[in-house]
Amino acid sequence: AFIMSAVQSGQAEIKKYQTYQLNVDPNQDDKATEIKLCNFSRPHMRAFHCSWFCFFTAFFIWFAIAPLMPEIKKTLDLDKQQIWTSNICSVAGTIFMRFVNGPICD
């Protein structure tokens, strides 16, 4: 459902939307002139928020355990093999979540 409107040159201009939920500049192909960060109604902002949340999750999974490893090792009485396995599981969890969250962001 494209809308054709007349421009000053007399040629037809094709527009996808007649109105927008934010301010746009008609002289620059209706590019947004403002950013509404807390508005989830547009797919662009949903993708943005999903992207930063997924990045934060991956970052947290990857790096959160390292500073706590000496205390965890002592408390749970872990040997080197078990620590190695937990590190592999951490990396695998990050990779898995990237595959799961990637399509969600798209």
Side-chain angles (χ1 to χ4, degrees):
F2 289 99
I3 299 169
M4 297 187 70
S5 62
V7 293
Q8 290 178 346
S9 64
Q11 297 177 349
E13 180 182 26
I14 298 175
K15 290 188 171 191
K16 188 170 183 178
Y17 301 105
Q18 190 65 28
T19 61
Y20 297 95
Q21 296 175 356
L22 50 95
N23 294 332
V24 296
D25 186 1
N27 297 326
Q28 294 184 354
D29 290 331
D30 291 343
K31 291 182 182 176
T33 59
E34 64 182 351
I35 297 175
K36 294 182 179 179
L37 287 177
C38 296
N39 187 354
F40 288 88
S41 64
R42 303 196 63 206
H44 308 87
M45 292 313 294
R46 287 193 300 265
F48 169 74
H49 287 299
C50 186
S51 295
W52 75 256
F53 182 75
C54 293
F55 174 77
F56 175 77
T57 303
F59 189 84
F60 185 78
I61 289 171
W62 191 282
F63 293 111
I65 201 72
L68 301 173
M69 188 51 77
E71 184 63 32
I72 293 170
K73 180 182 177 184
K74 184 174 74 173
T75 303
L76 298 177
D77 195 29
L78 300 176
D79 60 10
K80 288 220 180 250
Q81 182 62 39
Q82 291 170 323
I83 292 172
W84 179 254
T85 304
S86 72
N87 288 338
I88 290 173
C89 289
S90 176
V91 172
T94 301
I95 292 170
F96 174 74
M97 289 308 290
R98 285 180 183 240
F99 280 112
V100 169
N101 291 332
I104 293 173
C105 289
D106 291 339

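Just so you know, these numbers come straight off a predicted model, no measurement behind them.
- The side-chain contact (heavy atoms from CB on, under 4.5 Å) test applied to Thr33 returns Asn23, Asp25, not counting sequence neighbours.
- In this structure, Ser90 contributes its side chain and Ser86 its backbone to no donor-acceptor pair below 3.5 Å.
- Counting heavy atoms from C-beta on, the side chains of Asp79 and Gln82 come closer than 4.5 Å.
- Ile83 and Ile88 fall into different hydrophobic clusters, where Ile, Leu, Val, Met, Phe, Trp and Tyr residues are linked whenever their side-chain heavy atoms come under 4.5 Å apart, directly or through other members.
- In this structure, the separation between CE on Met45 and OG on Ser51 is 10.5 Å, given to the nearest 0.5 Å.
- Not counting sequence neighbours, the partners of Leu68 by the side-chain contact (heavy atoms from CB on, under 4.5 Å) test are Ile72.
- In this structure, Phe60 and Phe56 have parallel ring planes: the angle between them is below the 30° cut-off, well short of the 60° mark.
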